[in-house]
Amino acid sequence: MRVPEKPSLDGLVEKWSALWTERGTFRFDRTKTRDQVFSIDTPPPTVSGDLHLGHCCSYTHTDVLARFQRMRGREVFYPMGWDDNALNVERRVQLNYGVICDPTLPYVEGFEAPGPRKSGQAPMPVSRPNFIELCAKYTVEAEEAYFKLWSDLGLSVDWTHTYTTIGERAQKVSQTSFLELMERDLAYTSEAPTVWDVDYRTAVAQAELQDREMPGAYHRIKFTGLDGAEDLIIDTTRPELIPACVALVVHPEDDRYRARVGGTVRTPLFGVRVPIKAHELADPEKGTGVAMICTFGDINDVTWWRELSLETRGILGEDGTLLPISWGEPNWESDDPAAAAERYRTMVGLRSERARGRIVTLLRASGDLLDEPKPITHPVKFWENGQSPLEIVTNRQWFIRTVQFREELLERGRELTWHPDYMRVRYEDWVKGLNGDWNISRQRYFGVPIPLWYPVSEDGEPCWDDPIIPDRDALPVDPSVGVPHGFTEEQRGKPNGFVGDPNVMDTWATSSLSPQIVGGWGDDRDLYERVAPFDLRPQANDIIRTWLFYTVARSHMADNRLPWTHAAISGMVNDPDRKKLSKSKGNNPDSPTNILAEYGSDAIRYWASGARPGGDLIFDRNQLKIGRRLAMKVLNVSRFVLAATEDSVALAAGHANPAAATHPIDRALLARLAVVVDQSTAAFEDFDWARSLERTEGFFWSFCDDYVELVKNRAYGSLGAEPAASAAAALRLSLSTLLRLFAPFLPYVTEEVWSWGSEESVHRASWPDASAELLAAGGAGADQAVLESASTVLAAIRREKTNAKMSMRTAVKRAEVRGEADALAAAQEAAGDIAEAGVVAELVWTAGDGPITVTAELELPEAG
RNA sequence: GGGCGCGUAGCUCAGUUGGCUAGAGCGCUGCCCUUACAAGGCAGAUGUCGGGGGUUCGAGUCCCUCCGCGCCCACCA
């Protein structure tokens with residue numbers, strides 16, 4: 001037993017993080033079988049973002065659950081991954097190194113990046129391989145920072161099972177899975193209207209869309225009626241798309257326009273004849289009830305275009321600017337091609353917003369703008385990390401089928417156990433609202449390549465529908481570098497040669513395979529069978545529609561089962577004004593590293609663990625302070641218990657003398673603690689870490705404030721050896737139990753204290769068992785009222801002293817305790833302890849009515 | 001527009017199937033260096049449980065309704 005004189009929290013994080021690693025405390029034992037294992041499909045954090053407290057929060061929740069399961073005897077498979085395969089990384093690299101990728105450039109050996117660019121300075125174009133090198137460099141550095149934080153936070157991860165989503169193994173799994181889906185026609189390519197980010201020049205998926213309130217304006221515009229028919233008036237926020245107009249649409253039931261359906265009008269400025277169509281999606285209440293269909297302004301346009309079989313007049317290029325058009329040619333017929341061309345010429349090369357300004361001038365001049373634009377704010381779709389509104393352009397993409405599995409995926413959602421249960425609704429809403437298959441191709445560079453080549457025909461055209469598939473054992477491949485069987489590099493891009501697919505996969509297309517990647521699927525069947533399907537998917541609620549949904553979908557398609565049995569969903573961290581923490585909002589209080597240094601890991605974990613499953617958490621320094629105080633209290637009370645009871649009993653559970661806790665108040669304590677253990681355990685089994693902590697903490701403070709105060713002197717031996725042994729047994733057993741109950745939450749301080757009396761880690765100790773330990777040691781059948789009543793009497797005596805403005809050490813000549821008979825009798829069982837703790841010479845018990853009251857006659861100090 | 005969650009002390013939150021005078025911590029006020037702990041301890045004050053209606057012997061808890069906040073989905077001409 002090595003109990004320090006002056007215990008301290010300083011240095012515990014460094015000390016124990018290092019020792020746990022050195023001793024392999026959290027190493028996964030892969031000899032264990034599936035039923036002995038508890039496997040966790042840990043979220044791989046996106047390493048491109050800034051570290052913030054939200055990370056600390058949800059990862060703490062996972063770790064707390066992992067530690068509980070480990071102590072319960074499960075062999076915990078708890079790996080970590082880094083999601084470094086992403087457009088997000090490219091964004092950061094562009095910013096940090098001042099470069100932009102230009103795949104046409106050749107590789108430069110020993111390239112030095114210019115660094116963050118100054119305002120007005122253009123980014124330096126670099127080759128694709130150079131760009132990827134920079135991405136790799138960036139992710140390595142970023143991952144070190146993440147590792148440091150996770151390690152300091154005390155995550156009990158087995159770091160020998162770490163993966164990155166850009167790593168070779170992930171690429172292989174991702175490409176293998178893609179090819180399997182392709183073989184089964186569950187992945188397909190198609191040229192179609194695509195939601196497009198014009199800055200990053202890539203497609204994005206439905207799940208990555210985000211609405212932002214943006215200023216806009218209604219423009220009231222006249223379409224000319226033909227053959228004597230009246231003009232039709234529309235309201236639009238996007239007049240610049242008039243050249244892309246292919247039809248007008250009204251609701252079939254709208255009497256104002258019913259007669260016009262099937263007719264034709266002429267577009268303003270460009271003189272194009274467009275049909276008037278009817279469709280239920282047209283809302284008579286919106287604007288004039290007539291909508292302009294353009295190819296394409298929004299997702300509705302795509303629906304109308306498809307369902308009404310309209311023409312295509314695409315005017316937007318992949319960079320978001322208006323393309324040149326040959327007015328008068330097929331598909332661009334105009335009643336006055338020369339005028340159309342003259343007007344349109346001034347808009348070419350502009351992005352939507354500037355083109356809009358330009359066309360308003362033109363419309364005003366032509367008299368087709370009937371009113372001044374009426375400013376409004378309206379929601380506009382953005383890529384969640386983008387800066388410009390999304391456009392819709394038509395090009396070739398790869399898709400994974402999801403829509404046809406809607407019902408089956410809903411069923412999977414019902415099969416999964418959600419913590420909390422109501423999070424299932426978000427999943428169901430999302431699945432019900434799927435409006436297209438999952439677009440997995442991204443026109444980017446730092447990602448898992450689509451592992452395909454395409455033959456090039458005699459006339460130099462790639463045959464997109466006839467891909468050349470690599471051998472499975474050659475995976476992963478990068479088709480921009482590798483050459484397919486039967487071809488040579490010289491044939492790349494040549495007639496009768498081949499081209500590589502230029503695209504990479506959406507990051508979710510790889511991270512949705514995290515169970516397969518980390519579980520050894522494909523390469524290590526033995527491991528996979530020991531861990532899959534996983535027990536737990538922990539994650540935050542903001543990525544239910546992406547990561548959770550995609551993982552369920554992939555598992556359903558590949559294995560026809562759920563990837564895991566439980567999903568534990570965390571909330572978000574908000575600032576005190578309930579706004580999401582975000583650097584751009586300037587409310588990111590401090591880096592987690594600084595917070596860790598200031599309050600300590602246990603304090604952060606305490607704060608994080610206060611969030612219920614699914615519940616949001618408010619950043620609150622106060623809670624951090626309390627957490628630190630709790631850790632300090634654990635240290636101090638442990639010191640007292642161990643020092644005061646040394647040589648009485650051994651610390652570890654099972655070594656306590658079961659017969660030793662004989663005193664009624666000690667037995668009452670054990671009985672009460674037994675209830676706490678049962679409640680904490682039940683809460684944990686239901687994945688409710690917050691409740692477990694709350695139960696333990698509540699007990700702990702009353703243990704310190706009341707019980708320890710009551711029995712302190714007796715434990716020192718003031719009432720003799722046998723009463724002291726009883727107190728010592730109860731104190732030690734309680735401490736041992738409390739340390740283990742706290743261990744998942746406060747791993748550092750509990751490990752420190754545990755180490756004073758044990759060579760083993762508290763994190764490999766067994767979770768407390770109420771009946772085997774506490775009830776067997778004397779708690780069985782004990783009257784808990786003894787502790788409660790004795791505490792009440794002690795508090796009343798303290799109150800007397802406080803009221804008299806006297807020290808707690810002040811002696812009491814005589815104290816009369818009045819109260820209802822049962823409570824009195826219970827307190828009387830602890831008379832000796834009360835007298836010791838209150839420094840009472842004579843205790844008098846008087847039965848009466850009502851709650852316990854005490855009248856104390858204090859030993860007043862002599863005057864002068 | 002549809003849905004989910006939330007609304008309890010100045011603040012952050014417990015209050016599990018309805019049951020004694022509604023709790024904790026922080027903050028506030030006062031007292032105390034008490035040999036585990038002064039970056040501490042002890043004690044005290046503090047509430048129309050968002051509003052209104054209903055069921056019940058009894059409602060913070062169940063039902064209806066309204067208000068407010070957060071989020072998700074849809075719409076976004």
Sequence neighbours excluded - side-chain hydrogen bond (donor to acceptor under 3.5 Å, both in side chains) pairs with any residue from residues 624-638 of chain A = none
Checking all strands, does A/D211 fall into the base, sugar-phosphate, or nothing category for heavy-atom contacts under 4.0 angstrom?
->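 If one applies the 4.0 Å heavy-atom cut-off, A/D211 turns out to touch a base.
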Taking atom [atom1] in both [N] and [M], compute the distance separating them and give it to the nearest angstrom.
N: B/U61; M: B/C20; atom1: P; value: 14 Å
N: B/C66; M: B/C73; atom1: P; value: 25 Å
N: B/C13; M: B/U8; atom1: C1'; value: 9 Å

Quick one: look up who [N] pairs with, Watson-Crick or G-U, both distances under 3.5 Å, and put none if it's unpaired.
N: B/G40; result: B/C32
N: B/G68; result: B/C6
N: B/U46; result: none

Could you tell me how the ring of A/F296 sits relative to the ring of A/W305: parallel (under 30°), tilted (30 to 60°) or perpendicular (over 60°)?
->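 Rings of A/F296 and A/W305: perpendicular, over 60°.
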Look for any protein N or O under 3.5 Å of an N or O in nucleotides 4-7 of chain B and output each such pair with its distance, or none.
none

No-H, no-angle donor-acceptor pair, A/N435 side chain to B/C73 base, under 3.5 Å =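 Result: no qualifying N/O pair found.
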Candidate nucleotides [options], ranked by approach to the side chain of [X] - the nearest:
X: A/M808; options: B/U34, B/C72, B/C76; answer: B/U34
X: A/T802; options: B/A43, B/A74, B/C37; answer: B/A43
X: A/K633; options: B/G40, B/G70, B/C75; answer: B/G40

Distances for protein N/O vs nucleotides 16-20 of chain B N/O pairs under 3.5 angstrom?
unit_1 : atom_1 : unit_2 : atom_2 : d
B/U16  : O2     : A/R691 : NH1    : 3.3
B/U16  : N3     : A/R691 : NH1    : 3.1
B/U16  : O4     : A/R695 : NH1    : 2.9
B/U16  : O4     : A/R695 : NH2    : 3.2

